[in-house]
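None of these values were measured; they are calculated from a predicted model.
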Amino acid sequence: MAPATSTREPIDLHLMDIVHADTRKWYQKRNLRFLYFILVPTCIGTEWTLGFDGSIMNNLQAVPSWLEYFNNPSSGRLGLLNAIHSLGMVMAVPFEPRVSQWLGRRWTIAFGSGVMWLGAGIQAGARNTDIFLASRWLLGFGILFVICEASALIGELAYAKERATMTSLFSANYWIGSIIASGVTTGTFAMESTWGWRIPSLLQAVFSAIQVVFLPFCPESPRWLISHGRGADAYEILQKYHSEGVEGDEYVRREYAQIQASLKLERELAKRFLWADVFRDKAMFHRFAVSGLTGVFGQTSGNGLITYYFAKVLRTVGVDNNRTIQQIILSNNCWGLINSVPLSIIAPRYPRRHMFILGALGMAACFTAWTVASARYETSASSSAAAASIAFVFLYNPYVYPFIILSSPQMHPWVQCGLSNHAAGSNSFLNIGLNALAYTYIVELFPYTQRSQGLAFKQLIGRLGNFFNAYVNPIALDAIGWKYYIFYCVWLVAQAGIVFLVFPETHNASLEDLSFLLEGEEVGGRMRRDVQGRLGGDGGGVGGVVEEGRKAVVGKA
């Protein structure tokens with residue numbers, strides 16, 4: 001079993017003491033406040049694009065002009081149209097870490113956004129299914145660069161006090177894109193011309209455009225700057241954004257020394273061939289295994305049924321009106337945003353493992369209720385069981401359930417209960433664990449040098465799972481209907497067990513303190529001695545490297 005907590009002595013205990021003693025709020029710090037606001041359109045907004053893309057493919061299945069133009073795609077063809085986006089992401093994985101090392105976080109984000117512009121334009125102008133498939137591949141290829149670098153940049157720029165919350169909010173913004181896509185297609189789906197689906201397709205480029213416009217105002221990662229010999233620039237960024245709290249100068253001095261020592265040790269341990277680090281040693285292999293599992297869990301928890309095939313699921317239980325389908329999808333997306341934002345703020349306050357396990361077991365309970373509801377709908381009615389299901393629904397969701405009843409009163413009570421329960425309950429528990437903490441956890445788990453690789457590997461394994469799911473889900477729904485849900489009931493319980501056995505705890509520590517969490521005391525001791533030397537032997541003075549950084553900042557001023 002993986003250790004729940006690290007028994008290794010912290011690299012610099014005083015660093016986190018400063019963080020915990022800092023009582024000033026982020027919004028009371030002028031520079032930090034600006035940093036967090038600029039991270040919204042440049043980094044956090046990345047998930048707007050992903051949410052828009054996921055929702056638009058869901059909504060287009062209820063747009064008559066799209067169905068007619070592409071000859072009512074079969075289940076297999078529909079699966080390919082969704083899965084090709086994941087294939088694009090998979091094919092970008094080998095290149096993303098190398099591009100990041102070369103260009104830096106910001107320019108890699110700009111590169112990925114440019115690729116997505118091209119993909120959105122091609123999709124909006126697609127004249128046949130093959131062109132539409134090509135555009136979906138480009139959108140997937142570009143988003144991989146943006147997701148990996150944006151999530152890493154948030155973690156590397158944020159002050160330690162808010163770092164976990166900021167990276168958790170990254171995933172929560174998925175629902176904003178989903179809501180916009182649902183709202184747009186709800187307004188355009190009735191258009192008789194092809195603009196009913198071309199307008200939503202074209203709007204995918206807007207989020208990437210916003211990102212590029214604001215990127216010049218966002219600082220580069222200090223860790224990338226230091227790794228490229230630009231220590232003075234890195235120190236200036238840290239001084240500007242991290243020195244406004246209690247003992248701010250002391251915090252920056254110690255943070256800078258830790259980053260220097262960590263990068264030095266990472267270079268000594270890293271393999272010459274970039275991806276060889278996966279098999280470098282037991283500790284690094286453990287990291288990549290956990291990263292891959294996180295990616296699998298994020299894409300195979302049943303959320304794919306709602307993300308891509310909610311319209312198809314609704315039709316299997318008697319909801320055929322396209323406007324009703326669009327409205328239900330929009331309501332579900334609104335609920336996702338309503339519960340994901342507060343959960344993204346709350347979840348990082350607790351140990352990561354606990355939240356992952358709670359989320360998996362909660363989703364398993366929701367899927368079980370949905371499976372039972374769907375089975376009863378297919379067989380016979382039961383007033384007592386319906387009453388129990390209604391009570392369960394209201395326990396999880398007082399929001400979507402009444403809307404579904406009002407919009408489609410002919411639906412059987414079991415179906416009302418099952419659908420609203422799954423849409424609200426499962427999304428809520430998904431937001432507690434996987435959505436809220438996946439990127440936070442990977443950013444914390446990997447050292448800087450392998451962070452892009454870890455995030456890319458998460459996407460690689462996750463998207464392979466998504467590719468399989470996106471292709472298999474519609475076929476399985478057609479073939480065995482509600483019985484397919486049983487797989488997810490079992491799999492979600494298995495997820496909780498895997499987290500308990502394999503996932504290490506990363507809660508309440510600095511990024512550099514977590515860099516060698518799994519390597520043991522020998523490696524940790526080397527870094528600790530290096531940090532103390534840079535700080536002046538006993539950690540109380542100003543080491544040479546840090547002094548150079550401070551002088552450079554003073555010289556620039």
So, Phe141 versus Trp137, ring centres under 6.0 angstrom or not?
yes
Out of curiosity, [X] [atom1] to [Y] [atom2], how far, rounded to the nearest 0.5 Å?
X      : Y      : atom1 : atom2 : value
Ser227 : Leu225 : OG    : CG    : 7.5 Å
Leu133 : Leu80  : CG    : CG    : 5.0 Å
Asp530 : Gln260 : CG    : CD    : 8.5 Å
Phe111 : Glu96  : CZ    : CD    : 10.0 Å
Leu437 : His507 : CG    : NE2   : 10.0 Å

Under-4.0 Å salt bridge between Arg451 and Glu266:
no
Just by distance, with hydrogens left out, do [X] and [Y] show a side-chain donor and acceptor under 3.5 Å apart?
X      : Y      : value
Glu47  : Ser171 : no
Gln258 : Asp513 : no
Asn31  : His242 : no
Glu162 : Tyr36  : yes

Derivation of the side-chain hydrogen bond (donor to acceptor under 3.5 Å, both in side chains) call for Thr42 and Gln211:
CA-CA 5 Å; Thr42 56; Gln211 207 162 29; over 6 Å; no
Would you check, one step at a time, whether the test side-chain hydrogen bond (donor to acceptor under 3.5 Å, both in side chains) holds for Ser100 with Arg105?
CA-CA 6 Å; Ser100 172; Arg105 305 284 192 215; 3.2 Å; yes
Ring pair (Phe, Tyr, Trp, His ring centres under 6.0 Å) involving His14 - partner list, sequence neighbours excluded
none
Geometric class of the Trp491/Phe297 ring pair [parallel <30°, tilted 30-60°, perpendicular >60°]
perpendicular
Stepwise salt bridge (charged side-chain N to carboxylate O under 4.0 Å, His left out) test for Glu236 and Lys240:
CA-CA 6 Å; Glu236 183 176 12; Lys240 180 177 181 179; over 6 Å; no
Does the side chain of Leu511 reach to within under 4.5 Å of the side chain of Val443, using non-hydrogen atoms?
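Yes. Closest side-chain heavy atoms under 4.5 Å.
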Heavy-atom check, side chain of Arg287 versus side chain of Val278, under 4.5 Å
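No, their side chains stay 4.5 Å or more apart.
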Option from Phe170, Phe446, Tyr174 for which ring pair (Phe, Tyr, Trp, His ring centres under 6.0 Å) with Tyr439 holds:
Phe170
Residues Asp22, Tyr251; criterion side-chain hydrogen bond (donor to acceptor under 3.5 Å, both in side chains); working and verdict
CA-CA 10 Å; Asp22 185 4; Tyr251 174 83; over 6 Å; no
Taking CZ in Phe214 as the centre, count heavy atoms belonging to other residues, nucleotides or ligands within less than 6.0 Å. Is the count above 12?
no
So for atom CH2, which belongs to Trp107, do other residues, nucleotides or ligands contribute more than 12 heavy atoms lying within a distance under 6.0 Å?
no
Can I get a per-line list of side-chain donor-acceptor pairs under 3.5 Å for residues 495-502, giving both atom names and the distance, sequence neighbours left out?
unit_1 : atom_1 : unit_2 : atom_2 : d
Gln495 : NE2    : Ser301 : OG     : 3.1

